[in-house]
Chemist: 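First the structure, which I've put down as structure tokens, then a few questions once you've had a look.
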There are 2 protein chains.
Amino acid sequence: MAMPNKEKIVLIGAGNAATHLAAALQENGYPIAGIYSRSSQAAETLAAKIGCIPFTDFRHLPEADIYLYCVKDDVLPVLAATIAPLHSAALHLHTAGSISIDIFKGHCLCYGVLYPLQTFSKARPVNFKEIPCFAEACNEETLKAVVRLGESLSEQVHTLNSERRRYLHLSAVFANNFANHCFALAQEIISQKVLLPTDVLSPLIRETVNKLNTMTAKAAQTGPAARNDQSVMNAQAELLNSIPAIKAFYENASQSIVSATQSTDQISKLSKT
Amino acid sequence: MAMPNKEKIVLIGAGNAATHLAAALQENGYPIAGIYSRSSQAAETLAAKIGCIPFTDFRHLPEADIYLYCVKDDVLPVLAATIAPLHSAALHLHTAGSISIDIFKGHCLCYGVLYPLQTFSKARPVNFKEIPCFAEACNEETLKAVVRLGESLSEQVHTLNSERRRYLHLSAVFANNFANHCFALAQEIISQKVLLPTDVLSPLIRETVNKLNTMTAKAAQTGPAARNDQSVMNAQAELLNSIPAIKAFYENASQSIVSATQSTDQISKLSKT
């Protein structure tokens, strides 16, 4: 079977996401013609790993088929508006959850988004094949190219417009940032008040997540707030009097669970009448 | 090697925790002389599974070496004060995270607590060996018996007094109930606004938890709140205008992460001066 020629890629960015994307692209046979970062150290480190040329001046970037932007949200629109006009015949793609495809509009002909839904740390290897990726493009033909690129990296590629992708990224803040903050507060309580190694929580945390393989998180909800057990909630809030920041989180999260549970109850009551 | 005789056990309760404890006890050779529940259906279902006698009247419970209470917090003190005097020579143990050992005081001679730190659902099998268990007792000799019972069920048994156990239970509310609520809100956003199957979140949720194998949750924290990126936070909160209950959770959780991150920063600044 003849392999199609893989597009030559220039990577804009050298952070966590860029590091993992560069490795996945290279593993899948994409030639990487250069890596740009404002930080010469970051550019050199990643370029050395990949075996390509680092750039800290965007005006010197080589010609390529695809310019792939993996940079922080706040610099992405400016970089896109600056780099895309210099290579306006190429395909320009960003990888951000919250940024509209429209940042490329008027700066080049072909553009799109390929958003990988994952939390990346440089030091942790990831299996890119398992990461859901979300594609969007300026027209049907470009979309095919973006999906093709996505499908050569990941087994799960969906098309998704900018507005829905923004909500997807928001859901990721809940599933990752906020859930992780709950784990952080649990570990803090263990360290400050239980005086045991925090890994006593590990089997509970594993089972919390494993339950989601067989039921929705709403159906899996247990505990005092789900039972609307005010006396236990008051007693537990009182335990946190000496840690007011965590007490506020406890009260808000409990109230949110009570509301969510009651809204289900009301719906199930309505459906019975 | 001679095996010590296993104590004869009566189980008070027939819910999720009782179901899994009964199975673990039987697997480890403990004779179960009876199961009590106010609900005849629950008592009969679990007793049939274990092959023992169900009781709905606590006055008819058989003699045993250990009476093991696995019931809801709000009925536990009353049941202990009622049943323990009827079998005052036996060992009475409860399994609750938030209830003091003192509920048994004056009602029997030997008593204690064996608290398994896990979230139980009847339908989900658990490996009891991996569940950390926390032991407390009225005196040293009884503590040895409680720890021995714990160690025959689990590979990880710690001694812990009632006050620290109460904080342990509180940490479990954060690690399980609150984290699960974050997953529930993420799934709700996906269902209502992204219109994709909620399992697109699964790899992200798995990696969120797997990160804890190599770093603390505080070190693993990422996202707009950890960066104190007010413009992204404002934009994301605005996306939730049509779901005010989730918006309130978003704002509180973000503020809690900002505070936690800044308190770290302040500590690291202090340690530099």
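All chains are named by letter (A, B, ...) in the order of the sequence lines, taking the proteins before the strands, and each is independently numbered beginning at 1. Only heavy atoms go into these numbers, but all of them, side chains included; no hydrogens, no water, no symmetry mates.
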Chemist: Identify which part of B:S254 has an atom lying under 4.5 Å from any heavy atom of chain A, answering side chain, backbone, both or neither.
Modeler: both
Chemist: Measuring from atom CZ of A:R206 to atom CG of B:N127, what distance do you get when rounded to the nearest 0.5 angstrom?
Modeler: 9.5 Å
Chemist: With the side chain counted from C-beta on, respond yes when A:L168 and B:V200 share a heavy-atom pair under 4.5 Å apart, and no when they do not.
Modeler: yes
Chemist: Can you give me the closest heavy-atom contact between A:H181 and B:A253, atom names plus distance?
Modeler: CD2-O, 4.3 Å
Chemist: Side chains of B:L196 and A:L160: closer than 4.5 Å at any heavy-atom pair?
Modeler: yes
Chemist: Would you check if B:F183 and A:V209 make a side-chain contact, meaning some heavy-atom pair closer than 4.5 Å?
Modeler: yes
Chemist: Quick check on the interface: out of A:T198, A:N210, A:N16, A:D199, who has the most heavy-atom pairs with chain B under 4.5 Å?
Modeler: A:N210
Chemist: Please examine the side chains of A:D73 and B:S231, heavy atoms only from C-beta on, and report whether any two atoms are closer than 4.5 Å.
Modeler: no
Chemist: Given the options B:K211, B:R166, B:M215, which has more heavy-atom pairs under 4.5 Å with chain A than any of the others?
Modeler: B:K211
Chemist: Let me know if A:E130 has heavy atoms under 4.5 Å from chain B in its side chain, its backbone, both or neither.
Modeler: both
Chemist: Given side chains that start at C-beta, do those of A:K193 and B:E163 come closer than 4.5 Å, heavy atoms only?
Modeler: no
Chemist: Looking only at heavy atoms and a cut-off of under 4.5 Å, which of B:V126, B:V232, B:N213, B:L195 has the most pairs with chain A?
Modeler: B:L195
Chemist: Find the distance between CG (A:N252) and OG (B:S256) and round it off to the nearest 0.5 Å.
Modeler: 9.0 Å
Chemist: Minimum heavy-atom separation for A:Y167 to B:I189, with atom names?
Modeler: O-CG2, 3.5 Å
Chemist: CD of B:Q118 to OG1 of A:T208: how many Å apart, nearest 0.5 Å?
Modeler: 7.0 Å
Chemist: Roughly how far apart are B:I205 CD1 and A:T119 OG1, rounded to 0.5 Å?
Modeler: 12.5 Å
Chemist: I'd like to verify something: which residue of B:D74, B:D229, B:L170, B:N161 has the highest number of heavy-atom pairs under 4.5 Å with chain A?
Modeler: B:L170
Chemist: Under 4.5 Å heavy-atom distance to chain B, tell me which part of A:V173 shows up: side chain, backbone, both or neither.
Modeler: side chain
Chemist: Answer with side chain, backbone, both or neither: which region of A:R227 has an atom nearer than 4.5 Å to a non-hydrogen atom of chain B?
Modeler: side chain
Chemist: Measuring heavy-atom distances to chain B, does A:L212 have an atom under 4.5 Å in its side chain, in its backbone, in both, or in neither?
Modeler: side chain
Chemist: Please check if the number of heavy atoms outside A:K129 that lie under 6.0 Å from its NZ is greater than 12.
Modeler: yes
Chemist: Working to the nearest 0.5 Å, report the span between CD of B:E188 and CZ of A:F174.
Modeler: 9.5 Å
Chemist: Are the ring centres of B:Y250 and A:F178 closer than 6.0 Å?
Modeler: yes
Chemist: Of the backbone (N, CA, C, O) and the side chain (C-beta and beyond), which part of A:N176 lies under 4.5 Å from a heavy atom of chain B, both, or neither?
Modeler: both
Chemist: So, using salt bridge (charged side-chain N to carboxylate O under 4.0 Å, His left out) as the criterion, who are the partners of B:R124 when residues are at least two apart?
Modeler: A:E207
Chemist: For A:N180 and B:A217, which heavy atoms make the closest approach, and how far apart are they?
Modeler: ND2-O, 2.8 Å
Chemist: For residues B:Q236 and A:S98, determine if any side-chain heavy atom of one lies less than 4.5 Å from a side-chain heavy atom of the other.
Modeler: yes
Chemist: What's the shortest heavy-atom distance between A:A186 and B:S171, and which atoms?
Modeler: CB-O, 3.3 Å
Chemist: Can you name the nearest heavy-atom pair linking B:P132 to A:P203, along with the distance?
Modeler: CD-CG, 3.6 Å
Chemist: Out of curiosity, B:F249 CZ to A:F249 CZ, how far, rounded to the nearest 0.5 Å?
Modeler: 4.5 Å
Chemist: Would you please test A:L117 and B:L201 for side-chain contact (heavy atoms from CB on, under 4.5 Å) and show each step?
Modeler: CA-CA 8 Å; A:L117 181 66; B:L201 288 169; 4.2 Å; yes
Chemist: Can you name the closest pair of heavy atoms from A:A172 and B:L204 and give their distance?
Modeler: CB-CD2, 3.5 Å
Chemist: Between A:I257, A:L185, A:T216, A:I131, which residue shows the highest count of heavy-atom pairs closer than 4.5 Å to chain B?
Modeler: A:I257
Chemist: For the interface with chain A, which of B:A219, B:A220, B:A184, B:A175 has the highest count of heavy-atom pairs at distances below 4.5 Å?
Modeler: B:A175
Chemist: Of all of A:Q192, A:H169, A:R165, which one pairs up most often with chain B through heavy atoms under 4.5 Å apart?
Modeler: A:H169
